[in-house]
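Notes follow the structure.
Letters A, B, ... are given to chains in the order of the sequence lines, protein chains preceding strands, and every chain is numbered from 1.
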Amino acid sequence: MDRKDLTRIDDYTWEIPQSFREGMRVPIRILANEELVDDIITGEAIEQAVQTAHLPGLVGHLVVMPDVYSGQGAPVGIVAASKYPAGAIAPGAIGHDINTGVRLLGSSIKRADADDLMDELADKLHEFIPCGVDAEGSLQLSKSEIDHVAQSGAQWALRKDMAKQDDLVRAEEGGRLNEANPSKVSETARALGAQQLGTLGGGEHFIEISYVDEVFNRAAAITMGLKEGRLTAQIHCGSRGYGRQVCADYIERFQDVADKYDAHPPNPNLAFVPLDASEAEDYMGAMRAAANYAYANRQVLAHRVREAFDEVIEGGGDSLRTVYDVAHNLGQVEMHEVEGKHMRCYVHRKGAARAFGPGTPGISLPYRALGQPVIVPGSMGETSWVMLATRDAMSKSFGSACHGAGRTMSRHEASYQGEAILDDQLENRGVRVRSGDTSTSGGVQLKENIDAVVDTVSGAGLAGKVARLKPLAVVHG
DNA sequence: ATGTAC
């Protein structure tokens, strides 16, 4: 694809018309600045976006985020809104790592006071947090306990003294989706979940200590508890094998019933069924269960980070306060205005965060008047940004923004890349690294386009800058 | 992303 296939809407928006290929249900809107657009349209993710635009019942336009990259079925970095309940639902447009996301914690600890302690802090984080694909957790729960986790999300951790009330108040959806249905989750998934709660996983998943480098919106930063020169902690992870298995199980099941619904996607990983099919309801219940597992997992990891801080800094754990916790891979029923009409939609977000503008119902109370926080972590060891959603996000991207933590290569390409160079790259940037089994991160390469991504998100009017964070230490799988 | 593999 090249630029002649695109219509330029404005400085940050490019459209691929519905006529680009027969079978597309909506046009595609790529959100990207001059610097990013050519890479996006020449990469392999864009063909996946074209295929995703075939999903029946899509409304408005398929949104492609500036940090998009190649995924399975749908690319990572898209928003696809389907009319509810007349449209379709596709697990591949939500992703295998259901509710992968980010928890950001702020603190009152001055960077200058912690400089000499950073190596010890990195050691303790690594000691307290099991990493890698095969990491088994410190919790070792029964399958029936995992059903409680899947039902209650981060609230389960509150009952187990691994959360503060304020953690939940400042998490998206209070850290728990309603109408989760663990009985629709396979035995295989439940068994994996029982072993893995409280583990970080591999690939792009990481825990990072950073500091607030610069504040751009002082009032918002105060509400968020972010102050220049103070330490922060970020936890980027998801639902581990539990969510992966839920996605795989339902893609297979949807493929099996394709004939019944005359549902034939351009790619088997984009298997779909009508939203009002019983199989769709089962998937939604299982997917919400996996989302709650991920909310609980980030909460348990936040607890472990607090324990690690306590070992090194007096009162360190207690000073870590949740700023926000946001999901990147989720499907939700929401009201949106499309071509002048209010309608109920099923919004698939894959590699995209919800970003509701100021005053929108559903935003956590401390932030409802300001707009939903948008955490853009960059790759591990990269600059991160904290932003606030603005009103334009509702019309431009179904109330969504980028997810930030991207790859330069698809997983498929990365699998050919051989030995890990990631840790050397990180060390060269002066970031302390502690890693587990690097076999899963061997192909992870650091992106350096985070500032262009953030320029696009703010230029397109999805979110405004609040603060920039700089990395000090990373723990990854 | 992953009891890893188009």
Notebook entry, point to check: Are any of A:R244's side-chain N or O atoms less than 4.0 Å away from OP1 or OP2 of B:dT4?
Noted result: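 So the side-chain polar atoms of A:R244 never come under 4.0 Å of the phosphate oxygens OP1 or OP2 of B:dT4.
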Notebook entry, point to check: Would one find a side-chain N or O of A:Q196 under 4.0 angstrom from OP1 or OP2 of B:dG3?
Noted result: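 For B:dG3, OP1/OP2 do have a side-chain N/O of A:Q196 under 4.0 Å.
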Calculate the interatomic distance between [X] atom [atom1] and [N] atom [atom2]; express it in whole Å.
X	N	atom1	atom2	result
A:H205	B:dA1	NE2	C1'	6 Å
A:Y242	B:dG3	OH	P	14 Å
A:N329	B:dT2	CG	P	12 Å
A:F206	B:dA1	CZ	P	10 Å
A:M380	B:dA1	CE	C1'	12 Å
A:H96	B:dG3	NE2	C1'	14 Å
A:Q195	B:dT2	CD	P	13 Å
A:I94	B:dT2	CD1	C1'	18 Å

Next item on the list: For the residue pair A:F206 and A:H236, categorise the inter-ring angle as parallel (less than 30°), tilted (30 to 60°) or perpendicular (more than 60°).
Entry: tilted
Note to self: Does the plane of the ring in A:F398 sit parallel, tilted or perpendicular to the ring in A:H336? Use 30° and 60° as the thresholds.
What the structure shows: perpendicular
Note to self: Categorize A:G241 for me: base, sugar-phosphate, or nothing, with a 4.0 angstrom heavy-atom threshold over every strand shown.
What the structure shows: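 It contacts sugar-phosphate atoms only.
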Under 3.5 Å, which donor-acceptor pairs do the side chains of residues 150-161 of chain A form with other protein atoms, sequence neighbours left out?
residue : atom : partner : partner atom : Å
A:S152  : OG   : A:H148  : O            : 3.2
A:S152  : OG   : A:R159  : NH2          : 3.3
A:W156  : NE1  : A:E145  : OE2          : 2.7

Next item on the list: Confirm from the modelled atom types if A:Q72 and B:dA1 form a donor-acceptor pair under 3.5 Å, side chain to base only.
Entry: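 Side chain to base: pair present.
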Check: Does A:D97 reach the main-chain N or O of A:R244 with its side chain, forming a donor-acceptor pair under 3.5 Å?
Finding: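 No: the side chain of A:D97 does not pair with the backbone of A:R244.
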Check: Would you say the side-chain atoms of A:D67 pair up with the backbone N or O of A:H403, donor to acceptor, closer than 3.5 Å?
Finding: yes
Note to self: So if I take residues 248-257 of chain A and measure heavy-atom distances to DNA chain B, which residues fall below 4.0 Å?
What the structure shows: none
Check: Any salt bridge between A:D167 and A:R306, counting N to O under 4.0 Å?
Finding: yes
Checklist line | Side-chain ion pair, A:E208 and A:R432, N-O less than 4.0 Å | finding: no
Notebook entry, point to check: Nearest to the side chain of A:T188 - B:dA1, B:dT2, B:dG3?
Noted result: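 Selected nucleotide (nearest to the side chain): B:dG3.
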